[in-house]
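All remarks here apply to the structure that follows.
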Number of protein chains: 2
Amino acid sequence: MRDVAARAGVSTKTVSRVFNDDPHVLPATRALVEQAMRDLNYVPNVLATTFRAGRASVIGVAVPDIVDPFFAAIARAIEDTARARGLSTMVTSLGDDPADERPAIESMLGRQLTGLVIAPVGTDHSWLQRWREHTPIVFVDRAPVDLETDTFTEADESGAYTAVEHLIARHGHRRIAYIGDIVHLSTETKRLEGWRRAQRAAGIEPDEALVQSHVSDRLAAAGALDRLRALPDPPTALFSANARSSMALAHVLRDDPVPFVGFGDFPMADTLAPSVTVIDQDPRRLGRLAAERIFSRLAGGAQDGDVFTVLDVRLVERESCRVGRRD
Amino acid sequence: MRDVAARAGVSTKTVSRVFNDDPHVLPATRALVEQAMRDLNYVPNVLATTFRAGRASVIGVAVPDIVDPFFAAIARAIEDTARARGLSTMVTSLGDDPADERPAIESMLGRQLTGLVIAPVGTDHSWLQRWREHTPIVFVDRAPVDLETDTFTEADESGAYTAVEHLIARHGHRRIAYIGDIVHLSTETKRLEGWRRAQRAAGIEPDEALVQSHVSDRLAAAGALDRLRALPDPPTALFSANARSSMALAHVLRDDPVPFVGFGDFPMADTLAPSVTVIDQDPRRLGRLAAERIFSRLAGGAQDGDVFTVLDVRLVERESCRVGRRD
DNA sequence: TTGTAGGCGTTATCAT
DNA sequence: ATGATAACGCCTACAA
């Protein structure tokens, strides 16, 4: 910048002004500076600007796993929204272990981000309270534990209700298993509640023996199915509480289908045979809303307190809910 | 930091030393400073450190689309490798338009990254030359155009050869269509070469009428199939040159299967009916090697010039290559 | 072992 | 409309 200033015969401040489109620069001066910038192909030092501003023009995104298309879609939507405002995006995959969450997130927060979007895996978020003074923090998909902050989730309870109610009312099932993964997540507890409520509404007392959790891969899915089938009164249909479990189940059920509805769409769900009936979420919308919330906070939208927004979901009926019954 | 120094009754430099584990600090002094840091819960300003160092402790990742599991796996591997060394990762999705590539990448490079990994979509990369002086740049999956730099690709030509040779030698096909997407990518041109060579090796003259490109979604896949079927001598088998095309094709062929091998595994490929025979790549390995190359450059590994590494691929035989013939 | 001085590149403030 | 000065927080070089 100094070189540019020298070449144009002005001060560095004027160069700075030209760069920031400050109107208080004579057109002639501006042209001179711009020419000098071109000659030296000057690139402003973002690091210095950032340092001066005390804030990185970066939105942080912390999700369980960027390889999961659901979270990738959220990240992509945040990225697109951020880029439209000239910000970049920094991504972290948190992994499966709740204990790794805090250091991973704190290392992002230490960078003085413009904002942070979290889809958590942890069991406590009270430690985030002190960071909130510096950085807008928004939770997506999963609610925080022991912390109040902006949160965007999907209609977990009513979506699960819809799925289970569909199996009961439309397909006549009375024994419906619940297949889930990480029990402490708000998504899972809500969906389990929906599973219970749909049954009670139909006069069925939920049988906790039909609840299988920690189904995160195909092996676990096969194990869960074995346990269910060994029951004195085995289920005639399945409700899978998340896409990861659904994908594992779909594979295990490939040659021996069981009526089945999953929470969350996933790649090729509509191409499998049978195609999988799902509760469809909208991860892009989730990501966009989360990013926009950060910007509205920055613009002073903190006045209205924390928002807790629940997005609608809808049943996408395909084939898996009506495959021939077993037994 | 000033506050900590004041509270501990030392200079800021000593605080700095404590933070950086400088051995030249008396244990007593160290304890004093650490106590003060705790009291004030001091967090060092990464922005300032970064600025001072002139380099952000960040690895950039530019891929066509982070929602694509193949690129997400590359990004995840880079992230894991980077994090093991205390670096963060910044991700950009480049999108489909080659014209958007340069500004997207330059906005990352302006941040003085530690290194940048690119899976490009563009048609020219000569402009990257001048950035290379400041930042190690590594290409993955796809080779750069008009630029020499470290590159990690897969065995595109021989992988395609293997796939097509399998359809010819094992399944007796002589009319095998090529279904691809973006023609100018090195991956696609190499795979097309492999498609040609496998046929010539079997005494078949490749028929360019069997080449369909721009198959990026289901609609395009259906159109390509229609055109192929309208041929006087339609193909009896298909080779899909990338996972995106394969997923689209698998959907369109769902109720009317055609013998089919795809380049690149994809989610649920082994669960579809028929399950899809693919050439399996290893995106995690690609990502890890790319990240490690950046670190070895930083450590002075530039001496050995640019590397151009080609990773092996292997055929994963499933069902789709041997479904009943159409004709 | 500890402290002082100075500068990284940019921009806000206050003059002119 | 333009410029001089100082400051952001940290760390290197050097001095004590």
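Proteins come first, then strands; the chains are lettered A, B, ... in the order of their sequence lines, and each starts at number 1.
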inquiry  = Is B/Asn20 close enough to D/dC11 that one of its side-chain N or O atoms is under 4.0 Å from OP1 or OP2 there?
reply    = yes
request  = Determine: side-chain N/O of B/Thr14 to OP1/OP2 of C/dG3, distance under 4.0 Å, yes or no.
outcome  = yes
query = Nearest nucleotide by nearest heavy atom, which residue falls closer to the 5' end of DNA chain D, A/Lys13 or A/His24?
reply = A/His24
message = Nearest to the side chain of B/Leu26, heavy atoms from C-beta on, is which of D/dG3, D/dC10, C/dT1?
response = C/dT1
ask   = Heavy atoms under 4.0 Å, any strand shown: does B/Tyr42 hit a base, just sugar-phosphate, or nothing?
value = sugar-phosphate
inquiry  = Suppose we call a contact any N or O donor and acceptor under 3.5 Å apart; does that hold for the side chain of B/Arg52 and the base of C/dG9?
reply    = no
query = A/Phe19 and A/Tyr42: aromatic ring centres closer than 6.0 Å?
reply = yes
message = As a quick check of understanding, evaluate side-chain contact (heavy atoms from CB on, under 4.5 Å) for A/Ile294 and A/Val117, giving each step before the final call.
response = CA-CA 9 Å; A/Ile294 284 172; A/Val117 180; 3.6 Å; yes
ask   = Under 4.0 Å between a side-chain N or O of B/Thr49 and OP1 or OP2 of D/dC10?
value = no
query = Quick one: B/Met1 CE to D/dC10 P, roughly how many Å, whole number?
reply = 5 Å
task = Whole angstrom is fine here: how far is it from CZ in A/Arg55 over to C1' in C/dT11?
result = 17 Å
inquiry  = What's A/Arg2 touching, base or sugar-phosphate or nothing? Going by heavy atoms closer than 4.0 Å.
reply    = sugar-phosphate
query = For A/Arg17 and C/dT11, what is the distance between atoms CZ and C1' respectively, to the nearest whole Å?
reply = 10 Å
Whether A/His134 and A/Trp131 hold their rings parallel, tilted or perpendicular, with breakpoints at 30° and 60° = perpendicular
key: Check ion pair B/Asp96-B/Arg244 (N to O, under 4.0 angstrom)   = yes
key: Protein-nucleotide distance (B/Leu47, atom CG; D/dC10, atom P), rounded to Å   = 10 Å
task = Give the rounded distance in Å between these two atoms: CZ of B/Arg30 and P of C/dT2.
result = 9 Å
task = Hey, which sits more toward the 5' end of DNA chain C by its nearest nucleotide, B/Pro23 or A/Ala48?
result = B/Pro23
inquiry  = Classify A/Thr29 by what it touches in the nucleic acid, base, sugar-phosphate, or nothing, heavy-atom distance under 4.0 Å.
reply    = sugar-phosphate
inquiry  = What is the distance, to the nearest angstrom, from the CG atom on B/Asp3 to the P atom on D/dC8?
reply    = 12 Å
request  = Please state how far atom CG in B/Asn45 lies from atom P in D/dC11, giving the value in whole angstrom units.
outcome  = 10 Å
task = Apply side-chain contact (heavy atoms from CB on, under 4.5 Å) to the pair B/Ile78 and B/Arg288, showing each step before the final yes or no.
result = CA-CA 5 Å; B/Ile78 293 167; B/Arg288 187 170 49 74; over 6 Å; no
task = Give the rounded distance in Å between these two atoms: CG of B/Leu40 and P of D/dG9.
result = 14 Å
